[in-house]
There are 2 protein chains.
Amino acid sequence: MVTLRPTLEQVAKLAGVSRATASRVVNGAGGVSAGVREAVRAAVDSLGYVPNPAARSLVTRRTDSIALVVSEPTSQVFGDDPFFIDVVRGVSAELEAGDRQLVLMTTDTPAGRERVKRFTSVHVDGVLLLSCHGNDPLYSALGKQGPPVVCGGRPLYGPSLAYVDVDNVGGARQGVEYLIKSGRRRIVTIAGPQDMNAGVDRLIGYREAIAAADRRAIVAYGDFSRDSGERAMHSLLADEPELDAVFAASDLMAIGALAALRNTGRRVPDDVAVVGFDDIEQARYAEPPLTTVQQPSPLLGREMVRMMQRILCGDPPDSPMTLPTQLVLRSTA
Amino acid sequence: MVTLRPTLEQVAKLAGVSRATASRVVNGAGGVSAGVREAVRAAVDSLGYVPNPAARSLVTRRTDSIALVVSEPTSQVFGDDPFFIDVVRGVSAELEAGDRQLVLMTTDTPAGRERVKRFTSVHVDGVLLLSCHGNDPLYSALGKQGPPVVCGGRPLYGPSLAYVDVDNVGGARQGVEYLIKSGRRRIVTIAGPQDMNAGVDRLIGYREAIAAADRRAIVAYGDFSRDSGERAMHSLLADEPELDAVFAASDLMAIGALAALRNTGRRVPDDVAVVGFDDIEQARYAEPPLTTVQQPSPLLGREMVRMMQRILCGDPPDSPMTLPTQLVLRSTA
DNA sequence: AATATCCATGAGAGCGCTCTCAGGACTCTT
DNA sequence: AAGAGTCCTGAGAGCGCTCTCATGGATATT
């Protein structure tokens, strides 16, 4: 503010070269003799020169920043769920390695969506879209034109976009198969919302495993929150008092289920086994510690960035990527 | 990428006016006749014109974006603690209202700090600094020159910077006073790390209340995490078997303390009362539900932005702002 | 020795925008 | 009716940078 930032021109003058040459050195382009290069570097250091990104991006038409758009219709969801912050951490770490900036945008209104659309069309090189709802209107809005998009989580409908997802189907199947192998007879599920891909896919995984074992699928729905899990568990208990295992599509719901089970006098895992999904911090401290399907959230963020970087380099488009999940055995199953 | 974005020049041509006039309309500057204004607006709409921010900021010397720098020496801390995400939500919401962009930077290495220093010096209009450690070197590094800085949480040392903080001292005092009023005799505390302002201030609040009631301060230290709370509780129990109340400087530590109390056969609140600090989601579901001092994290984010906006408007510098806390009574005290 | 090739460098155009300044068309004074 | 003021508009100069292209000297080729 107070002191005007030095310009390339000043660096060039101090180094006794032209602006073009100074630019070459600053950008690491070749074709500059060693002596000149050193002189320019010295000038940069002594002046404390930092390139003006606006001037640069005006001509290069790149901004070296990418947006992480978090479409968040129910702001509660993200608050309780460490998933989001883990993804952000991954994105941020991977981006820093590539020297790009992270512009974070959250959206929970149609007006916000409009802002995002306008903004991303010029201000960023790419958009990472993280939406809990797989049918978010942003998917199609951003897909049409403008910068490339990489989604976190498979979009449920709309245009085919590049995406990175977690193996929700496989993870759920694995969790349920484990319950079957442990000799559980009547395995129910607390499914997530069916307008989110995680909700849909985890239910598919449950159904696949159940069908493969010739059992009957018994489903209640929640919204991934703890309370919804508790309610769903109560209703399942009312309908199927004989149940001896439950697969919950989120840890929070599993923890709610644990409470319901406790309140109705069931012992876990003796009477009822419980498997969750996510492996959040709280799972470790649940009473008893929760057996759950772990998903690699920070890795999701990293891989989204990597995919974007490949797109930005002009590499041939990747096929969607699916990250593996892993069953973590603790005490509830 | 494919289609070149329309420029102001094209808008002007289509509207039959000069670039200068088109610019006036786009920026809402006065002194344009109604007819011309409408013509330009129509041209903007039909072309789908979006101003190029790089070109604009090249001349205005503003970027209309501010950085949220999260200095995160222990990446664990933020992961478990919903505090950070709440602040981000507040920042983001308030910023969108003002039409500025949020650039998120995290830092956990000296190299990262260097990046932040360089980056923020040119790319953003202001810096919001959120550091859990009150003696973070970034405080002084960013204070020197470059864009204005607003800190979340009072910096422990270093230059006097604008900041917004939560009333940690008052909140802690209030919590402890409540324990005293409830007739508790031997009130211990699990304090947070003493290199974080929240850790320091909450301990001060405890000491003040204890001193005012002529009691003896009994302190153990944790790092705000659940496990550290559990450990600290065990050690306090060993030293002071007669204790009948504990004030924990974070909910996570309080929850750890609850586990330790349970394991050693103490009933809460009958034998020992517990008060936490933060009021995170889990506090409601603790066993039993945790009485705690609530801090307004999203508001902290909002107020940081507001203070920054005032600074950017050239208003006289604010004095530091302290946000109120509130005791939330549940079942542990 | 003459020509072709290569490399390091500089000159200069232009990216899209804002903003100052000058000028033309009015209206308001006196 | 002439001067003064007011309002709207356009011309044009940059903001700091990148990048193409021309230049000229050194080196390689015949």
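Reminder, nothing fancy here: chain letters follow the sequence lines and each chain counts from 1.
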Looking at five pairs on each end of the helix from C:dA1-D:dT30 to C:dT30-D:dA1, what is the angle between the two axes, given to 10 degrees?
40°
For B:L8 and D:dT9, what is the distance between atoms CG and P respectively, to the nearest whole Å?
15 Å
Take atom CZ of B:R19 and atom C1' of D:dA11, then tell me their distance rounded to the nearest Å.
9 Å
Exam field: side chain A:T106 to backbone A:V70, donor-acceptor pair closer than 3.5 Å
no
note: A:E9, atom CD; D:dG14, atom P; distance rounded to Å ~ 13 Å
DNA chain D: B:A20 or A:N52, which has the more 5' nearest nucleotide?
B:A20
Using a heavy-atom cut-off of under 4.0 Å over every strand shown, decide if B:P53 touches base, sugar-phosphate, or nothing.
nothing
Between D:dT18, C:dT18, C:dG16, which one does the side chain of B:A55 approach most closely?
C:dG16
With no hydrogens and no angle check, do the side chains of A:T322 and A:D165 hold a donor and an acceptor under 3.5 Å apart?
no
Those residues at least two apart in sequence (or on a different chain) that pass salt bridge (charged side-chain N to carboxylate O under 4.0 Å, His left out) with B:E96 are A:R115
Main-chain N/O of A:A29 paired to A:N27 side chain as donor or acceptor, under 3.5 Å:
no
So which protein N/O to nucleotides 7-9 of chain C N/O distances come out below 3.5 Å?
unit_1 : atom_1 : unit_2 : atom_2 : d
C:dT9  : OP1    : A:S33  : OG     : 3.0
C:dT9  : OP2    : A:S33  : N      : 2.9
C:dT9  : OP2    : A:S33  : OG     : 3.4

